[in-house]
**Q** 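Right, I'll just put the structure down here and ask away after.
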Amino acid sequence: MIVGIGLSDYPRAPHLDAVQHHVLAARRAIADAGIAKSDLDGYVSAGGAGGMLDDAITMAEYLRIDHRYIDSTMTGGSSFEFHVQHLAAAIRDGQCDTALVTYGSDRLSATGRGLGTGGFTQPKQGVAGPAQYEAPYGNTLVGAYAMHAMRHMHEFGTTSEQLAEIAVGVREFASLNPLAIYRDLITVDDVLASRMVADPLHKLDCCAVTDGGGAFIMTTAERARDLPNAPVYVLGAAGAQTHWNISQQTDFSTSAAAVAGPRAMQHAGIGVDDVDLLMLYDSFTITVLMLLEGLGFAPRGEGGPWVQEGHLRRGGRFPMNTDGGGLSSCHPGMRGMFLITEAVRQLRGHAGVVQVPDCKVAVCAGSGGYLSAIGVAVLSSEAPS
Amino acid sequence: MTDWVKPLPLPDNVSAPYWAAAREGRLLVQECPQCGNRQWYPRALCTRCAAEPEWLECTGRGVVYTYCVIRQMGTAGFRDEVPYVVAMVELDEGPRVMGNVIGVDIAEVHIGLAVEAEFIAVADDIGIPQWRPLPNH
């Protein structure tokens, strides 16, 4: 179960580099959990991608954690939902008792918003591996999601207005978070009037670029009894992958959430009707729509009309991304960490003005890559029955 | 040969025949001699049954399965070409391949558009497949 959470500073933190984001979040999570640092015997991180200096083995050394369980699973933004899945099993199996998961990124301060380059910064840059089949065509991160949106629109008649509703709802929560990077309320028309980045996705269909970091601590039921916070239980978790590079997506109108979602919820012994809070990866509005359909909240193809009914709004049946999401609050690159930390805050009843009344069950669904690797964790304030 | 400043494939022992064929104006995918599975991009195994795949020369015709229009991209070669279309093309032979749809008004690109491969020679051993609408599409 999860007994501690911590965030570093966001959305702008020029005083911190990526490693320092990990460290600050870790210190805050340790303090929040009420444990001694020496209690940690497990460490998990997804860092190190693209030459970053925050890989798990380096971070374990920097933090000096004498671990007997380490995991560096990196599935992009969904890594932390996979970490919950792995740690729940490891702790249940006695591989470790108390484990720390950390994340940190100085994306905004280090590189700014800038134009995407797909990582190809030099003329005639040579590209090896599977990326060699895509790099000559100049697709972008936004473009990969836009291809999903275009196909979804083609098959099901989904509209830009329906996608925009997702951004509008998340922005309302962001307006209530003093730290959120974008806080001004927006309308569907505002989204549609923002410039196209990659048709059919507008600027306001796309997530923010921020700095940020987070951490959480998982431990055994026995250990949790002595700790100050009410524990948050992991009822179920599952992950699945359809592809990594976008050209290998097999079906651009669905995702691995259709596999991971039902598996995680079955594992948890819950159905859609039991859920009080949704924490869905909102890298782009279309990401949310496809996760909703995969998880079973909306029937396949009907996510558009479903979101227009207002279910995801503040006061709706399934309030989503109550911290303001990646679309409007905090997206330093791998947002899956914040799905967990915000769900824990809500399940503890500590979410203040955005508190979901009587919040007992939260579904966190992370998307890594290009709707490639989906991780789902079902968390609850109540012990599994 | 086209002066190509965009990213260039680094041919390896699996991909080299693919790029070399494209240099000669031929589009290859892989077909499995055991199970018949066809796949793109080329790999050292059949993704369905793990057998060693063989090359299959395609007609170079297909339809747009999905696409997007890139309006913001910073990499050299692309920066000055925006807006441009990146598409997944479903070949008549089955597999889907990535490419740009060129030689067409962007407003006319749509899912289902019939396209034909065109090859841009960018190095002695590399051709880049691209896609152009079939006449009278």
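The sequence lines fix the lettering, A, B, ..., with proteins before strands; numbering per chain opens at 1. Atom set for the values below is all heavy atoms of this structure, side chains included, hydrogens, waters and symmetry mates excluded.
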**Q** Count the heavy-atom pairs under 4.5 Å between each of B:Val14, B:Val5, B:Val85 and chain A, then report the option with the highest count.
**A**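 Greatest number of close heavy-atom pairs with chain A: B:Val5.
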**Q** Taking atom CD of B:Glu52 as the centre, does the number of heavy atoms from other residues, nucleotides or ligands within less than 6.0 Å exceed 12?
**A**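 Atom CD in B:Glu52 is not packed in, count stays at 12 or less.
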**Q** With rounding to the nearest 0.5 angstrom, report the CD to CG distance, A:Gln122 to B:Leu8.
**A**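 With rounding to 0.5 Å, CD (A:Gln122) is 13.0 Å from CG (B:Leu8).
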**Q** Which residues in residues 187-198 of chain A have a heavy atom less than 4.5 Å from any heavy atom of chain B?
**A**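 Interface residues of residues 187-198 of chain A: A:Arg195, A:Met196, A:Val197, A:Ala198.
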**Q** Please look at B:Phe78 and chain A and tell me whether the side chain, the backbone, both or neither of the residue comes under 4.5 angstrom of a heavy atom of that chain.
**A**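 Interface part for B:Phe78: side chain.
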**Q** From A:Arg151 CZ over to B:Ile111 CD1, what is the distance, rounded to the nearest 0.5 angstrom?
**A**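 CD1 of B:Ile111 is found 5.5 Å from CZ of A:Arg151.
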**Q** Heavy-atom pairs under 4.5 Å with chain A: which of B:Asp12, B:Val97, B:Ile70 has the most?
**A**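 The answer is B:Ile70.
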**Q** Which heavy atom in B:Ser15 sits nearest to a heavy atom in A:Gln132, and how many Å separate them?
**A**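 So the minimum-distance heavy-atom pair works out to OG-OE1, 2.9 Å.
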**Q** Are any non-hydrogen side-chain atoms of B:Arg71 and A:Asp199 less than 4.5 angstrom apart?
**A**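 Yes, at least one pair of side-chain atoms sits under 4.5 Å.
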**Q** CZ of B:Arg61: more than 12 outside heavy atoms within 6.0 angstrom?
**A**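 No, CZ of B:Arg61 has 12 or fewer neighbouring heavy atoms, counting only those of other groups under 6.0 Å.
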**Q** When rounded to the nearest 0.5 angstrom, what is the spacing between CE in B:Met88 and OG in A:Ser247?
**A**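 Nearest 0.5 Å value for the CE-OG distance: 5.0 Å.
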**Q** Check whether any side-chain heavy atom of B:Pro7 sits under 4.5 Å from a side-chain heavy atom of A:Lys124, and report yes or no.
**A**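 They are not in side-chain contact.
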**Q** Flag the pair B:Pro129 / A:Tyr137 as yes when at least one side-chain heavy-atom distance between them is below 4.5 Å, and no otherwise.
**A**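 They are in side-chain contact.
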**Q** Can you find a heavy atom in the side chain of B:Trp40 that is under 4.5 Å from one in the side chain of A:Gln248?
**A**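 The answer is yes, as the side chains (C-beta and beyond) meet within the 4.5 Å cut-off.
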**Q** Taking only heavy atoms into account, what residues of residues 28-36 of chain B are found under 4.5 Å from chain A?
**A**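 Under the 4.5 Å heavy-atom cut-off, nothing qualifies.
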**Q** Side-chain donor-acceptor pair under 3.5 Å between B:Gln72 and A:Thr140, yes or no?
**A**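 The criterion, which ignores hydrogens and geometry beyond distance, is not satisfied for A:Thr140 and B:Gln72.
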**Q** Could you look at A:Gln249 and say if it's the side chain, the backbone, both or neither that has a heavy atom under 4.5 Å from chain B?
**A**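 For A:Gln249, the backbone is the part near chain B, not the side chain.
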**Q** Most heavy-atom pairs under 4.5 angstrom with chain A, which of B:Pro42, B:Pro83, B:Ala76, B:Gly77?
**A**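 Among the listed options, the one with the most contacts to chain A is B:Pro42.
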**Q** Between A:Gly138, A:Pro130, A:Gly126, which has the largest tally of heavy atom pairs under 4.5 Å with chain B?
**A**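 That would be A:Gly138.
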**Q** Is any side-chain heavy atom of A:Asn245 closer than 4.5 Å to a side-chain heavy atom of B:Met98?
**A**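 No; the side chains remain at least 4.5 Å from each other.
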**Q** Do A:Asn139 and B:Met73 make a side-chain contact, defined as non-hydrogen atoms from C-beta onward lying under 4.5 Å apart?
**A**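 Answer no - side chains too far apart.
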**Q** Parallel, tilted or perpendicular for A:Tyr133 and B:Trp19, by the 30°/60° rule?
**A**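 Ring orientation of A:Tyr133 relative to B:Trp19: parallel.
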**Q** Pick from B:Val69, B:Val122, B:Ile128: which one has the most heavy-atom pairs with chain A under 4.5 Å?
**A**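 Looking at each option in turn, the highest pair count goes to B:Val69.
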**Q** Can you check whether A:Met147 reaches B:Cys68 side chain to side chain, under 4.5 Å on heavy atoms?
**A**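 When only atoms from C-beta onward are counted, B:Cys68 and A:Met147 do touch, with a gap below 4.5 Å.
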**Q** Determine yes or no for a side-chain-to-main-chain donor-acceptor pair under 3.5 angstrom, with B:Tyr65 supplying the side chain and A:Phe252 the backbone.
**A**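 Side chain of B:Tyr65 to backbone of A:Phe252: a pair is present.
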